[in-house]
Amino acid sequence: MTNKVRVRYAPSPTGHLHIGGARTALFNFLYAKHHDGDFIVRIEDTDVARNIEGGEASQLDNLKWLGIDYDESIDIGGPYAPYRQMERLEIYTEYANKLIDMGMAYKCFCTTEELEADREAQQERGVAAPMYNGKCRHLSKEEVAAKEEAGEPYTIRFKVPENVVYKFDDLVRGEISFESKDIGDWVIVKANGIPTYNYAVVLDDHMMDITHVFRGEEHLSNTPKQLMIFNAFGFEPPHYGHMTLIVNENHKKLSKRDESIIQFVKQYRDLGYLPEAMFNFFALLGWSPEGEEEIFTKEELIEKFDEKRLSKSPSMFDKQKLKWMNNQYMKKLNSEEVVALTLPFLQKDGLLPENLSEEQQEWANKLIGLYHEQMSFGAEIVDLSRMFFTEELAYTDEEKEVLAGEQVPEVMAAFKEQLQQLESFEPADIKKAIKTVQKETGHKGKNLFMPIRVATTGEMHGPELNDALSLLGKDTVVKRIEAFI
């Protein structure tokens, strides 16, 4: 095995890049780059029936978008190609035949119906984890040849050694052991000639000189099977680290059917989240740096990453924390960048035309600028700025209570009169008009500003009032006051 650190992320193109997969890729990437190593993306596409169109492209495109750059893969090649499992079938077949010749694997002719019947019988006897009964393990060469000649389909099973304990030092959990008696002879090559995951992954990891593997804890039970294959060929296994589960805010295991959390990277991308924020957020899902700081650049995370600080407890996907973190990154954008990110959402929603005049563009820039500091993600501009695109305001009970104050008619009448006298409708002019209303009526503070805000914007909170009213325009503001009065 090479002395250089080599890690891999090996997605199946049965779906798009999931937040769990993104975290796995990220931790492998950070570990590799921290140690000046290589990060490889390998495509495990042997589950042909479940592979989806665009699955491969989605994985690679969204990894690149996140800033998880890889050194070798199907699109850029590398010295260990091919990086797609279905292009490596000859390798798996060759080594499966070697295992048969070594007496460590055998051809199994049991039908699906036979296997299912035996499984049910074991369950009826109270066996919690049914195993293959070994029926074909002792077939003679003549019996095997006769069945092959008769055209009977077969799988290839690994002959699990008896009374062996498989131990390894997990990078996250410490020493873990499994006993071979708890694992039945398992299939390494299916009847269609395609290898199973636990067999193919070993040959790929060995031949690509993979030194370390960080993966989700659901793979923990796969490890003994993989160690069996490593041992059978005398290969040195990589160092494994099994990361804890990601859970939702109810501390339940994150399921792809859980609709309380957006699950796929592309969905965040489509909502106008920033890749740097997502990179930062994923890095803190099950790993913590020293100190209290939570905002890091990619380079800082590479420098600080230490596998000893990977958590042994489940990591919660905190949606509010992600919004907060993305907001921190949004604030760092300049005005051109924030307009480029958010304007398409206003256009897509039909609030602004696709082709803006110079005047419309200037107005849109000001509008987006009002919410720059407040926005958590790009698409949020649509809901935040709704008052600018509403003909008639609808008030909540709380807002109606504000407008029911005994001073409100006097305040609004005086404010309307001041506005109608204004020739210019800049924020400074509006501020001056409100000051005059305060002097005329004697009302100030909340009793003055809150009814003006609610009656003109339909909201109790929002951007700087003078800026918002200036952008709404004199006609709209006066019209809304009249409608209220």
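This structure is a prediction, so every number in the text was calculated from the model and none was measured.
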Take Gln85 and Thr46, measure what side-chain contact (heavy atoms from CB on, under 4.5 Å) needs, and give me the verdict at the end.
CA-CA 6 Å; Gln85 283 189 331; Thr46 54; 3.4 Å; yes
Applying side-chain hydrogen bond (donor to acceptor under 3.5 Å, both in side chains), name anything that partners [X], two or more places apart in sequence or on another chain.
X      : result
Lys181 : none
Lys321 : Glu294
Asn62  : Ser58, Arg269
Glu217 : Arg173

Does [X] reach the main-chain N or O of [Y] with its side chain, forming a donor-acceptor pair under 3.5 Å?
X      : Y      : answer
Ser73  : Ile76  : no
Tyr273 : Val265 : no
Glu399 : Thr396 : yes

Within the 4.5 Å heavy-atom criterion, are [X] and [Y] side-chain neighbours or not?
X      : Y      : answer
Arg309 : Glu290 : yes
Tyr197 : Ser12  : no
Val338 : His372 : yes
Ser385 : Leu370 : no
Lys332 : Ile295 : yes
Tyr371 : Thr342 : no
Trp186 : Met228 : yes
Asn280 : Lys298 : no

Can you pull out every ring-ring contact (aromatic ring centres under 6.0 Å, His included) where at least one residue sits in residues 295-343? Sequence neighbours excluded, please.
Phe27-Phe305, Phe281-Phe317, Trp287-Phe305
Just grab all the ring-ring contact (aromatic ring centres under 6.0 Å, His included) pairs involving residues 92-129, residues at least two apart or on different chains.
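Listed once each, the pairs are Tyr95-Phe233, Phe109-Tyr154.
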Can you tell me if [X] has over 12 outside heavy atoms packed within less than 6.0 Å of its [atom1]?
X      : atom1 : value
Glu249 : CD    : yes
Lys135 : NZ    : no
Asn355 : CG    : no
Lys190 : NZ    : yes

Expected list for residues 343-352: side-chain donor-acceptor pairs under 3.5 angstrom, two or more places apart:
from	atom 1	to	atom 2	distance (Å)
Gln347	NE2	Pro353	O	3.1
Gln347	NE2	Glu354	O	3.1
Asp349	OD2	Arg386	NH1	3.4

Minimum heavy-atom distance between [X] and [Y], given as atom pair plus value:
X      : Y      : answer
Met387 : Ala468 : CE-CB, 3.9 Å
Ala283 : Leu30  : CB-CD1, 4.2 Å
Val5   : Ala32  : CG1-CA, 4.1 Å
Gly20  : Ile246 : CA-CD1, 4.0 Å
Leu341 : Gly272 : CD2-O, 3.8 Å
Phe158 : Ala232 : CE1-CB, 4.0 Å

Candidates Phe282, Phe29, Tyr268 - the one meeting side chain to side chain contact (heavy atoms under 4.5 Å, CB included) with Leu66:
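That would be Phe282; it is the only one of Phe282, Phe29, Tyr268 passing the side chain to side chain contact (heavy atoms under 4.5 Å, CB included) with Leu66.
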Does the salt bridge (charged side-chain N to carboxylate O under 4.0 Å, His left out) test come out yes or no for Lys64 and Asp75, once each step is laid out?
CA-CA 12 Å; Lys64 289 174 190 170; Asp75 57 338; 2.9 Å; yes
Is the charged tip of Arg42 near the ring of Tyr9: under 6.0 Å from the six-membered ring centre and within 45° of its axis?
no
Calculate, to the nearest 0.5 Å, the distance between atoms [atom1] and [atom2] belonging to [X] and [Y] respectively.
X      : Y      : atom1 : atom2 : answer
Leu171 : Glu307 : CG    : CD    : 6.0 Å
Cys110 : Glu152 : SG    : CD    : 10.0 Å
Cys108 : Ile156 : SG    : CD1   : 10.5 Å
Thr24  : Met243 : OG1   : CE    : 3.5 Å
Asn192 : Leu89  : CG    : CG    : 9.0 Å
Lys319 : Ser376 : NZ    : OG    : 13.0 Å

Would you sort out whether Leu285 and Met316 count as a side-chain contact (heavy atoms from CB on, under 4.5 Å), showing the intermediate values?
CA-CA 7 Å; Leu285 270 181; Met316 189 181 83; over 6 Å; no
Can you pull out every side-chain hydrogen bond (donor to acceptor under 3.5 Å, both in side chains) where at least one residue sits in residues 26-41? Sequence neighbours excluded, please.
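Found Lys4-Asp38, Arg6-Asp38, Tyr31-His212, Lys33-Asp71.
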Is there any side-chain hydrogen bond (donor to acceptor under 3.5 Å, both in side chains) pair reaching into residues 159-169, and which pairs are they, with sequence neighbours excluded?
none
All pairs passing salt bridge (charged side-chain N to carboxylate O under 4.0 Å, His left out) where residues 11-21 contributes a residue, at least two apart:
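Listed by first then second residue: nothing to list.
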With sequence neighbours excluded, give me every salt bridge (charged side-chain N to carboxylate O under 4.0 Å, His left out) pair touching residues 90-109.
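Output for this query lists Glu94-Lys98, Lys107-Glu148.
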Working note: Glu44 + Arg84, criterion salt bridge (charged side-chain N to carboxylate O under 4.0 Å, His left out); need CA distance, chi angles, decisive distance, verdict.
CA-CA 6 Å; Glu44 298 186 344; Arg84 191 182 278 114; over 6 Å; no
Residues two or more places apart in sequence or in another chain: which of them pass side-chain contact (heavy atoms from CB on, under 4.5 Å) with Pro130?
Arg119, Gln122, Gln123
Candidate pair Asp205 and Val213, rule side-chain contact (heavy atoms from CB on, under 4.5 Å), full reasoning
CA-CA 9 Å; Asp205 283 348; Val213 175; 4.1 Å; yes
Carefully, step by step, assess Gln226 and Val201 under the rule side-chain contact (heavy atoms from CB on, under 4.5 Å).
CA-CA 8 Å; Gln226 293 168 21; Val201 73; 3.6 Å; yes
If we ignore angles and hydrogens, is there a donor and acceptor under 3.5 Å between the side chains of Asn198 and Asn222?
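Looking only at side-chain atoms, Asn222 and Asn198 do form a donor-acceptor pair, the distance falling under 3.5 Å.
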